[in-house]
Amino acid sequence: MIKKIIKNYKKPIFLYNYKKIIKNIKNIKNIKNIKIFYAIKSNYNKNIIKELNKKINGFETVSIGEIKFLNKIGIKNKRIIFSGVCKKKRDIKYAIKKKVSMISVESFEEINKIKGKIKIILKYNLNLKGGTKKEITTCKKDNKFGIRSNETNKIIKFIKKKKIKIYALGFHIGSQIKKVKYYIKAIKSIEKIKKIYLSKGIKIKTLNIGGGFAINYRKNKVFYYDKLWKFLNKNKSFNNFIIEPGRYITANSCLTISKVVYTKKVNKKKIAIIDIGMESIIRPALYKSVHKIVNLYKRIKKYHDIVGPICETTDTFQKNKYIGIKKGDFLIIKDTGSYCLSMRSIYNMREKPLEVIIKNKKIKVI
Ligand SMILES: Cc1ncc(COP(=O)(O)O)c(C=O)c1O
């Protein structure tokens, strides 16, 4: 199939596999009381969003821009959660006016800005570890995200005075949370907060677990959370759960095909310069992430640095990789379905790659 796709190759291609997206959703969907709101920041290709719209409960957004984008492609506001750490008064006003389904609040100050009827999620910073790289933690006390637990009493006083209803409690412990134990710790911690609300007569029955469900970038697979789903099923503190996966649904559904334009010999190794870089796949430069790279052709292996075309030395995918590469070869960069094209920049003004999906054995440009 890939050979067919590269026949008229002109520029890098992001190739999605519809089956994989569906399989990833099914890994979660066995659980009856979980609602899935896909985090569109991870990949907002409109065709993918439209496909997802048929399979999940809705979408998590972090800006008015994302809400407007979803509306433009026909997604109803009742299927949208509005979150984000820096919502302005006018953003909140807009979301309420448009009747989005829920708003996720990340500070005491923010609640004060909510004027009107909307389901409120109180998203807490639990000061917990998630076992991830420091660049992607979100639930440590020195991260900008979330309500601090010492604000709880102030919030309770305020919402009682203003007769504000709270729909859910929530947290976001970071991205790439590979172990269930971190989720369980976070849930136990938020149960304590729930008890404080309950002691003041405020009943909250829904828990919002932020993103974080991980994929294995070395094995092109998702991690499995069966123990967590079981734990949630048995949980007595909350009746319903909202999750906001991004990467878990789209990351491993996509690979990127790129061409080796030049090779340069430097002592014992070679540098392979490919026609895609940090403008479209920024994760290696941003957080030293590794995407698995293979050659479409078999070659005798030597040490190579694989670098992109951008005028930055950090535009490097891998250094000293033992791989066979010749000029003109096609390299396959794996697991590029999330936080790649959605983070694309116009730096160096390179052409946007082509996006293609394989669905029911048919190839379609999307
Ligand atoms: C509030 C919130 N929800 C969901 C996500 C999605 O995370 P992931 O793609 O790792 O599942 C993020 C990621 O930054 C987030 O900030």
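Both counts, for ligands and for their atoms, begin at 1 and track the order of listing.
Residue contacts with ligand 1 include Tyr339, since one of its heavy atoms falls under 4.0 Å from the ligand. For the ligand labelled ligand 1, residue Gly212 lies inside the 4.0 Å heavy-atom shell.
Geometrically, ligand 1 and Lys123 share no nitrogen or oxygen pair separated by less than 3.5 Å. Backbone and side-chain nitrogen or oxygen atoms of Gly246 are examined, and one is located within less than 3.5 angstrom of a nitrogen or oxygen of ligand 1. Considering backbone and side-chain atoms together, Ser83 places no N or O closer than 3.5 Å to any N or O of ligand 1. Considering both main-chain and side-chain atoms, Ser175 comes within under 3.5 Å of ligand 1 through a nitrogen or oxygen pair. Polar contact with ligand 1: absent for Tyr248 (N/O pair, distance under 3.5 Å).
In terms of protein heavy atoms, atom 12 (C) of ligand 1 is closest to Lys41 NZ, 3.1 Å. Of all protein heavy atoms, the one lying nearest to atom 3 (N) of ligand 1 is Glu244 OE1, 2.6 Å. Given atom 1 (C) of ligand 1, the protein heavy atom at minimum distance is Glu60 OE2, 3.3 Å. For atom 16 (O) of ligand 1, the closest heavy atom belonging to the protein is His172 NE2, 3.2 Å.
The residues Lys259 and Asp275 are annotated as not salt-bridged, no charged nitrogen and carboxylate oxygen being separated by less than 4.0 angstrom. Under the 4.0 Å criterion applied to side-chain N and carboxylate O atoms, Lys46 and Glu355 are not assigned as salt-bridge partners. A salt bridge does not link Glu66 to Lys41: none of the charged nitrogens lies less than 4.0 Å from a carboxylate oxygen. Under a 4.0 Å N-O distance rule, the pair Lys144/Glu106 does not qualify as a salt bridge.
Annotation for ligand 1: atoms under 4.0 Å from non-hydrogen atoms of Pro245 are 11 (O). Near Arg247, meaning under 4.0 Å from any of its heavy atoms, are these atoms of ligand 1: 8 (P), 9 (O), 10 (O), 11 (O). Taking every non-hydrogen atom of Ala39 and a distance limit under 4.0 Å, the qualifying atoms of ligand 1 come out as 4 (C), 5 (C), 6 (C).
When ring centroids are compared, Phe37 and Phe59 stay outside the 6.0 Å threshold. For Tyr248 and Tyr225, the distance between ring centers is under 6.0 angstrom.
Between Asp305 and Gln318, the side chains place no donor N or O within less than 3.5 Å of an acceptor N or O (distance only, hydrogens not considered).
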What side-chain donor-acceptor pairs closer than 3.5 Å can you find for residues 326-337, not counting sequence neighbours?
unit_1	atom_1	unit_2	atom_2	d
Asp329	OD1	Arg299	NE	3.3
Asp329	OD1	Arg299	NH2	2.6
Asp329	OD2	Asn295	ND2	2.8
Asp329	OD2	Arg299	NE	3.0
Asp329	OD2	Lys326	N	2.8
Asp335	OD1	Asn220	ND2	2.5
Thr336	OG1	Thr256	OG1	2.7

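For Lys292 and Tyr217, the positive end is not near the middle of the six-membered ring at less than 6.0 Å and at most 45° from its axis.
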